[in-house]
Participant: 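One structure coming up, written as structure tokens, with questions to follow.
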Amino acid sequence: MAAMMLLSTRKLSRHFGGLRAVENVDFDLPEGQIRALIGPNGAGKTTFVSMLCGRIPVSSGDITFAGENVTRLPAHKRIQRGMAYTFQITSVFSDLTVQENVALAVQSRLERGAVLAGEVAKALAKVGLQDRADQIAGDLAYGHQRLLEIAMGLGQSPRLLILDEPTQGLSDGEVNDFIALIKDVAKDTTILLIEHNIDVVMALADKITVMNFGEVIAEGTPQEIHENATVQTAYLGG
Amino acid sequence: MLHLGLIAALVLLQFILPAYHHGNLARIMVLSVFAMGYNIMFGYAGLLSLGHAMFFTAGMYGMGLSVRLWDIPVGPAFVIGIFAAAALSLVVGLLALRTIGVAFMIVTLMFSQAVFLTILYFNPITRGDEGFVIAQQVRQIAGLDLSNPTTRYFAALILFAICLLAVLWLVRSRAGRVLIAIRENEERARLLGYDTWAHKLAAVVMSGTMAGAAGAAYGVLFGSVGASFAEVPFSILPLLYVLLGGPGTVIGPFVGTLFMFYLRDLSSSLTDAHMLVAGVVLILLTLFARRGIMGIVRERWLKWLP
Amino acid sequence: MEFGPHLILAVLEGLVQASVLTLTALGLSLVFGVMRVVNVAHGEFFMLGAVFAYWVASWMGGPAAIGFVAALIIAPVLAGLLAVACDWLILRRLDYDPERTIVATIGMLYVIQQVTLMTYGPDAHPVTPPFNHRLAIPWFEFTENGFEFYYPWGLSTTSYKLFVIFAAMVARMGIWLLMAKSKLGLILRATQLDGETAQAFGIPVERVYAFVFGLGAALAAVGAVLIVPIQQAHYLMGHDPLLLSFIVVIIGGLGSLRGTVVAAILIGMSNGVISVFFTPTLAKILATLLVAFVLVYRPQGLFGAKPA
């Protein structure tokens with residue numbers, strides 16, 4: 001093995017009643033990589049990452065994070081071990097200020113008594129929200145709420161940052177800023193990105209995993225995926 | 001600061017108020033401790049309990065029965081009352097927090113009803129509906145007669161001030177911010193790495209303990225202990241006080257208790273159906289003023305209000 | 001004293017209680033099932049049914065039967081209309097948010113109860129039953145002449161109580177027909193499954209909700225009119241039916257009509273039996289704790305299926 005595996009799953013499955021949302025997924029993510037997870041709607045991408053961070057329980061299979069089996073750990077313990085997850089549907093604390101939102105993300109990993117303000121400001125500056133620190137989060141424009149969501153992910157200083165469709169609803173300019181931001185963050189964070197915008201995927205991903213009907217159907221470099229016939233069929237509905 | 005100012009104003013009022021309002025205010029302060037406890041759960045952690053009377057009575061009977069059955073002096077008995085409420089709220093929290101939303105409300109309502117019925121059931125010990133009186137000669141701490149209006153006023157004020165500052169400290173602490181996060185979006189808080197269940201349990205215990213302190217103090221200061229304090233309307237009152245004063249504000253519970261107390265006082269000259277006023281106010285608040293008095297003040301004028 | 005005749009008597013008394021309870025609990029269950037609203041004021045609509053029945057009956061005068069029949073029609077309609085008004089003026093404006101509606105119905109509880117106290121007064125009043133023949137309970141024994149019926153001394157029920165059991169059965173059938181067979185029932189079930197989708201299919205969800213809230217209250221009122229010739233009308237009489245209905249609805253499984261009926265009959269029947277073994281207070285303590293623990297450990301109710 002060249003790099004250490006930060007995250008691995010073996011035979012990970014999730015069934016809802018008779019529906020097999022995720023089926024026997026073996027997945028390995030080495031430390032330091034930007035991995036994109038793509039696939040048609042309903043392919044099981046969100047279900048898969050929700051199991052990774054503990055939002056929903058697994059039906060069967062195992063998850064290993066940083067060498068530890070975390071399959072049975074509750075969500076908050078996995079987060080404390082260095083995962084972060086940003087929601088697909090924006091879910092900032094809308095009655096709190098921008099600053100308080102990020103402070104909540106920062107303080108969960110800091111010791112008692114440590115100074116929050118510097119870390120909070122740093123995370124806000126990275127996404128360019130430093131001027132809006134005192135606004136109520138619910139009053140922000142949609143694009144800014146998405147940025148806040150990412151700032152909360154950054155504030156946690158995670159080892160693994162899971163982003164669920166972060167560019168949905170952003171303007172082209174904002175998407176370009178986002179790409180630059182993630183490139184910067186990736187210097188010291190492993191990133192798992194669910195993304196529909198194929199330009200973003202091509203610009204960022206070191207490697208791509210493709211899911212369809214709850215299974216991994218292909219994995220490879222952007223170039224390989226681009227040329228893969230199975231992937232083409234899945235997307236074109238062949 | 002505003003809160004120290006309020007405490008100072010209450011100290012001054014003791015010297016200027018006529019006897020009638022003076023007595024009322026002592027009662028209001030004790031009841032607003034009850035409401036402040038309720039506010040920790042409802043206003044900050046977003047947990048709507050319909051059974052807070054059980055914690056109030058746990059404190060009251062913990063204190064009262066210690067005095068009545070074992071002749072314990074009221075000082076230690078007061079502490080026993082607080083511990084009784086803390087223990088009850090821990091047990092109720094452990095069970096009730098397995099449910100959420102409407103089920104949580106009904107579970108707390110049912111547990112509270114069970115406590116009320118238990119008090120009635122052990123009638124020979126608790127004197128059930130009639131209740132019992134803590135005799136005036138035992139209502140003393142360190143030689144101070146707590147049935148004397150002035151000492152009573154200051155005793156109520158000390159308890160009120162301690163609880164007010166405790167809530168203020170809690171709200172400004174990191175744990176307080178987590179409670180608000182849980183109220184706003186529990187799943188998000190969990191996925192920021194917080195053990196939301198432990199935080200909610202802590203909120204229930206703090207809330208129940210404060211309600212119990214109010215109950216024990218009520219018994220000590222006003223001398224009566226009775227099952228009527230365990231009935232459903234007494235669980236609705238703190239909800240009403242907090243909704244009126246402003247859920248999630250530190251002085252809201254006091255403001256709500258004060259307004260409601262005098263509203264009831266005024267209306268009693270018109271009708272003796274005093275719960276009618278409570279009902280009307282509840283409906284109007286849910287319809288038109290969800291944030292309560294201090295919530296509106298915060299929204300319009302004082303954004304910094306904790 | 002023989003055991004057999006007493007058992008029959010206990011079963012009959014239990015059936016009367018259970019009959020009224022099924023109607024009241026069905027109302028609560030229907031409102032929760034379709035609207036997801038916990039109506040804490042439900043017991044007050046029950047009480048209003050009884051009070052309206054007294055007013056109608058005493059205003060009509062004349063033979064008891066006419067007054068009673070008028071009450072049986074007018075009182076539930078009035079209670080239902082009042083509930084519709086409450087829904088339209090209050091609950092609808094809260095967007096049926098579960099927490100806010102529960103607080104609002106608590107407010108409604110006190111307003112209704114206290115207004116009744118101010119108008120109707122603190123005293124209890126009876127309504128004369130339309131007929132009330134004393135019916136002795138028959139029993140049999142084996143004598144040298146073989147199998148013989150006889151009437152044990154002092155054990156009797158009344159024709160009216162039998163009528164209550166029968167009438168409640170008719171009302172239950174009516175509800176079942178409404179829900180299972182009519183177009184309106186289809187609309188109700190669609191709204192129950194998914195309000196938003198129902199709205200998208202052109203169902204006037206707001207009006208359906210108002211109707212259901214009124215129907216729930218009217219059902220409670222029917223139960224009250226049936227019972228008021230046996231128990232008197234009093235402004236605080238809504239408390240026990242509310243508690244019992246809660247117990248029934250929760251044990252039967254929230255929102256499940258069939259579970260509600262089964263649980264109501266079981267609890268109404270066993271209510272009498274339990275109070276033989278325990279004091280009423282202890283029985284109530286056990287019942288409230290049972291409800292709490294069912295909600296904590298088996299939220300789908302004792303008779304509901306475990307969700308997948």
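Quick note on labels: first sequence line is chain A, next is B, and so on, each numbered from 1.
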Participant: Should we count CZ of B:Phe259 as having more than 12 external heavy atoms under 6.0 Å?
Facilitator: no

Participant: Would you say the side-chain atoms of A:Gln107 pair up with the backbone N or O of B:Arg174, donor to acceptor, closer than 3.5 Å?
Facilitator: yes

Participant: What are the two closest non-hydrogen atoms of A:Ala75 and B:Arg190, and how far apart are they?
Facilitator: CB-NH1, 3.7 Å

Participant: Tell me, for A:Ala84 versus chain B, whether the close heavy atoms (under 4.5 Å) come from the side chain, the backbone, both or neither.
Facilitator: neither

Participant: Where does A:Gln156 contact chain B at under 4.5 Å (heavy atoms): side chain, backbone, both or neither?
Facilitator: side chain

Participant: Which is it for B:Leu192 and A:Phe93 under the side-chain contact (heavy atoms from CB on, under 4.5 Å) test, yes or no, and what are the steps along the way?
Facilitator: CA-CA 12 Å; B:Leu192 286 176; A:Phe93 303 111; 3.7 Å; yes

Participant: About how many Å separate CG of A:Asp95 and CZ of B:Arg183, when rounded to the nearest 0.5 Å?
Facilitator: 6.0 Å

Participant: To check you understand the geometry: which heavy-atom pair defines the closest contact between B:Glu187 and A:Phe87, and what is its length?
Facilitator: OE1-CE2, 3.7 Å

Participant: Under the side-chain contact (heavy atoms from CB on, under 4.5 Å) rule, what do A:His76 and B:Thr196 come out as? Steps first, then yes or no, please.
Facilitator: CA-CA 8 Å; A:His76 67 269; B:Thr196 54; over 6 Å; no

Participant: Tell me, side chain or backbone of B:Leu191 under 4.5 Å from chain A's heavy atoms, or both, or neither?
Facilitator: both

Participant: What heavy-atom pair brings A:Leu104 and B:Ala181 nearest, and what distance separates the two atoms?
Facilitator: CD1-CB, 3.6 Å

Participant: Please state whether the side chain, the backbone, both or neither of A:Arg55 comes within less than 4.5 Å of a heavy atom of chain B.
Facilitator: both

Participant: Using a cut-off of 6.0 Å, state whether more than 12 heavy atoms not belonging to B:Leu165 lie near its atom CG.
Facilitator: yes

